[in-house]
Amino acid sequence: MTFQEQIAQGIPSVLPNTKPYEPEINHAPKRKEILTEEEKKLALKNALRYFEAKHHAELIPEFKDELEKYGRIYMYRLRPEYKMYARPISEYPGKSEQAKAIMLMIQNNLDYAVAQHPHELITYGGNGAVFQNWAQYLLTMKYLAEMTDEQTLVMYSGHPMGLFPSHKDAPRVVVTNGMVIPNYSKPDDWEKMNALGVSQYGQMTAGSYMYIGPQGIVHGTTITVLNGFRKINKNPNGSLFVTSGLGGMSGAQPKAGTIAGCVTVCAEVNPKITKIRHEQGWIHEVITDIDNLVVRVKKALENKEIVSIAYLGNIVDVWEKFDQENVHIDLGSDQTSLHNPWAGGYYPAGISFDEANEMMANHPTKFKEEVQKTLRRHANAINKHTAKGTYFFDYGNAFLLESSRAGASVMNEHPTLGREFKYPSYVQDIMGPMCFDYGFGPFRWVCASGNPEDLAKTDKIACDVLEEMMKNSPAEIQQQMADNIQWIKGAQENKLVVGSQARILYADAEGRMKIAEAFNHAIAKGEIGYVILGRDHHDVSGTDSPYRETSNIYDGSRFTADMAIHNVIGDSFRGATWVSIHNGGGVGWGEVINGGFGMVLDGTEDSSRRLKSMLFWDVNNGISRRSWARNEGAIFAIKRAMEVEPLLKVTLPNTVDESLL
């Protein structure tokens, strides 16, 4: 069968042969035993819903075995034979170009070069799933190949509920992930519902089909590192940045350190993912001996090298050893997946990777104890370095939150509203006041042709637009504009593409609209193929996350999620091609609500109308909320937006004289 024929058949009527487990692939860890015997039967019944009754007797023992071995039913047998990657849009079967674009993005999320655990349909973060099982993937792709521009596909946590009549201005796909009742949003609730096959953790851009490989967060990480050094008045050259985690997204950290111009040490316990990131060029060197690491780092600092070094081992050992050897750390952070601390997001020190995985699955209580013990050690070591002048920030991965729950010394002695911890979230001190409040966030695009020449052309278009805008930009955003122009000029030489021909660029509403409109004109003139717009949910408006995206909001509304819900609703009727709303994000199940979108530009007047309407709302919704919280940059930005658009009328806050209070 051709690729197109395989897509069109969906779940095959004749079952394919079972597939051998491939140990060389980076697999998800076994999930802990959490279902009762009756619930295991229910999980099997739920999985078998996808198959005709004649197959049930054959599949029951197989699915039971998967559930017992891995804690989930992945349906490995149904994994496609064809290579998984983002093909040019012309190669996908279908009646809707928009639907073909979504198929392209789904396959990019599952590309072996992109996905963290491709056979388990997990893109990044240890549990950021595109689908729960391979039947869902096959059925979704079939629906997309069949749908017209008068239908909408409805996705329930990876399950394709079906095609429903709609209209051409409606989204082609509406996605929800993990939207459970609040009282059932604890980590074990997720474990149980996911094992039953009724909910999934979509992370941010995994379950919304908008992940573009590690590049997706390299830009934000680069801005954070650059401004971290600016904050402490240090030149990155000859300075040291220490962090951890090289998983699905976190090849971004060493790459960002290299672009910023410092020495970066990033620890990782998983040898497979370390090897992958080294082969992909996201890190320069891998060191396995802690003493050799000390020697190498001292030499790199002395010679002012720009180098990224992966330490294959636990980050706690690095912090403790560097303290003993008086290796000064200028910037410190952490990007292990502590939103998922008990299921592979963070590993205990003093235990091998394989032993830890065995303990995680078979002795979860002991594993949790070891993780919390390690978090206390981790925090103590960081405290020793910050006493010597290290600037440490939480990278929004729930490090401080989980450390506090473990009893680590991370709490602020004199807490103020929103400043419970002794170390700031990077959003509080850097990204929030410098970027999000002014409307700058991670605007993305993917060239649907798959042609690198199209990407180079779009890079130039974006750069030209920004340079023209900067001539008249107010002083308040000149630094942001300059950083982004520098970024886009160096994008090609930094070899950021993994998977689809994609790019990320921080821009405000004006920049996003003007760049998108320029792309649309170029498509209309036949200079480039279709372009798929999107963004990370880690943005101005898309996410309500009290310890990350909205951590610099101090009016007491950090724990509300009105903004994210309004955002996705507003995007859906203003022209998005697909929309998504998730529970969980990058900081943990029950800790955040986040929404995203995708939009296909095809060079038409319809595209022009939609992009202006949707992108303006998508950014200014968040600026409005931030201005109401009395954030000065956001008040400036929303006043400027109202001057540009007379139909925009936003309620502005009045400030109170503190002496009256």
Side-chain angles (χ1 to χ4, degrees), residues 217-231 233 256 259-260 426-445 459 461-491 503-518 533 535-536 538-543 549-553 563 611-612 615-646 648 650 652-653:
I217 60 160
V218 170
H219 187 218
T221 308
T222 301
I223 290 174
T224 303
V225 172
L226 279 173
N227 286 304
F229 281 117
R230 287 170 182 158
K231 193 171 182 64
N233 297 314
I259 294 170
Y426 74 114
V427 172
Q428 288 180 306
D429 277 12
I430 299 172
M431 297 301 284
M434 290 193 63
C435 293
F436 293 167
D437 284 355
Y438 288 101
F440 284 83
F443 179 58
R444 304 176 169 193
W445 66 90
D459 283 346
I461 290 169
C463 188
D464 290 346
V465 168
L466 292 178
E467 288 184 327
E468 186 61 32
M469 285 177 59
M470 191 175 174
K471 293 176 184 176
N472 299 306
S473 292
E476 287 84 349
I477 61 171
Q478 284 285 314
Q479 183 68 67
Q480 292 90 324
M481 297 293 290
D483 282 349
N484 282 292
I485 290 167
Q486 180 183 348
W487 164 267
I488 201 70
K489 284 184 173 179
R503 186 68 73 224
I504 184 170
L505 173 74
Y506 267 48
D508 61 4
E510 180 188 12
R512 297 183 208 205
M513 288 188 290
K514 286 185 174 178
I515 292 169
E517 183 74 345
L533 301 183
R535 58 161 169 74
D536 194 348
H538 173 62
D539 197 3
V540 180
S541 304
T543 297
E549 283 78 4
T550 44
S551 61
N552 72 314
I553 289 179
M563 180 179 73
L611 73 87
K612 290 170 187 170
L615 293 175
F616 185 84
W617 157 259
D618 190 68
V619 176
N620 282 297
N621 170 46
I623 298 176
S624 301
R625 187 267 179 96
R626 293 168 187 278
S627 79
W628 188 239
R630 295 181 289 271
N631 292 15
E632 289 184 13
I635 293 171
F636 167 85
I638 204 64
K639 285 180 178 178
R640 187 164 170 251
M642 285 192 280
E643 290 171 5
V644 172
E645 175 49 76
L648 178 67
V650 172
L652 296 174

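- For the pair Asn631 (side chain) and Asn552 (backbone), a donor-acceptor distance under 3.5 Å is present.
- Expressed to the nearest 0.5 Å, how far CD1 of Ile553 lies from CE of Met563 amounts to 6.0 Å.
- Listed for the Asn484 side chain is a donor-acceptor partner under 3.5 Å among the backbone atoms of Gln480.
- A 4.5 Å side-chain heavy-atom check between Asp464 and Glu468 finds every atom pair outside the cut-off.
- The number of heavy atoms from other shown groups lying within 6.0 Å of CD (Glu476) is above 12.
- In this structure, Arg444 and His219 have side chains that are not in contact, with every pair of non-hydrogen atoms separated by 4.5 Å or more.
- Taking the six-membered ring where tryptophan is involved, the planes of Phe436 and Tyr506 are essentially parallel, since the angle between them stays under 30° and well short of 60°.
- Counting heavy atoms from C-beta outward, Phe440 and Met481 have side chains that approach closer than 4.5 Å.
- Judged as a side-chain hydrogen bond (donor to acceptor under 3.5 Å, both in side chains), and not counting sequence neighbours, the contacts of Gln479 are Asp483.
- Side-chain atoms of Ser541 come within 3.5 Å of backbone atoms of Val619 as a donor-acceptor pair (strictly under, hydrogens ignored).
- The shortest distance between side-chain heavy atoms of Arg512 and Arg535 falls below 4.5 Å.
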Tabulate below the donor-acceptor pairs under 3.5 Å that side-chain atoms of residues 637-646 make, not counting sequence neighbours, or state none.
unit_1, atom_1, unit_2, atom_2, d
Arg640, NH2, Glu510, OE1, 3.3
Glu645, OE2, Leu647, N, 2.9

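- Residue pairs meeting the salt bridge (charged side-chain N to carboxylate O under 4.0 Å, His left out) criterion with at least one partner in residues 626-635, sequence neighbours excluded, are Asp437-Arg626.
- Residues satisfying the ring pair (Phe, Tyr, Trp, His ring centres under 6.0 Å) criterion with Tyr426, sequence neighbours excluded, are Tyr395, His538.
- Partners of Ser551 by side-chain hydrogen bond (donor to acceptor under 3.5 Å, both in side chains), not counting sequence neighbours, listed by chain and number: Ser425.
- Within the model, atoms CD1 of Ile217 and CD1 of Ile223 stand 12.5 Å from one another, a figure rounded to the nearest 0.5 Å.
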Report task. Verify side chain to side chain contact (heavy atoms under 4.5 Å, CB included) between Leu466 and Ile515, making sure each step is shown before the conclusion. Result -> CA-CA 8 Å; Leu466 292 178; Ile515 292 169; 4.2 Å; yes

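- With values rounded to the nearest 0.5 angstrom, Gln428 atom CD is found 11.0 Å from Ile430 atom CD1.
- Inter-residue side-chain proximity for Leu533 and Phe443 is flagged as met; some heavy-atom pair is nearer than 4.5 Å.
- Panel note: side chain Trp487, backbone Ile504; a donor-acceptor pair is recorded below 3.5 Å.
- In this structure Ala482 satisfies the side chain to side chain contact (heavy atoms under 4.5 Å, CB included) test together with Met470, sequence neighbours excluded.
- Put simply, the side chain of Asn620 never gets that close to the backbone of Ile623: no donor and acceptor are under 3.5 Å apart.
- Ser473 contributes no side-chain N or O that, together with a main-chain N or O of Gln478, makes up a donor-acceptor pair within less than 3.5 Å.
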Report task. For Thr222 and Gln486, run side chain to side chain contact (heavy atoms under 4.5 Å, CB included): C-alpha distance rounded to whole Å, both residues' side-chain angles, the deciding distance at 0.1 Å, then the answer. Result -> CA-CA 11 Å; Thr222 301; Gln486 180 183 348; over 6 Å; no

Requested in this report: Might you work through the side chain to side chain contact (heavy atoms under 4.5 Å, CB included) test for Trp628 and Val650, ending with a clear yes or no?
Outcome: CA-CA 9 Å; Trp628 188 239; Val650 172; over 6 Å; no

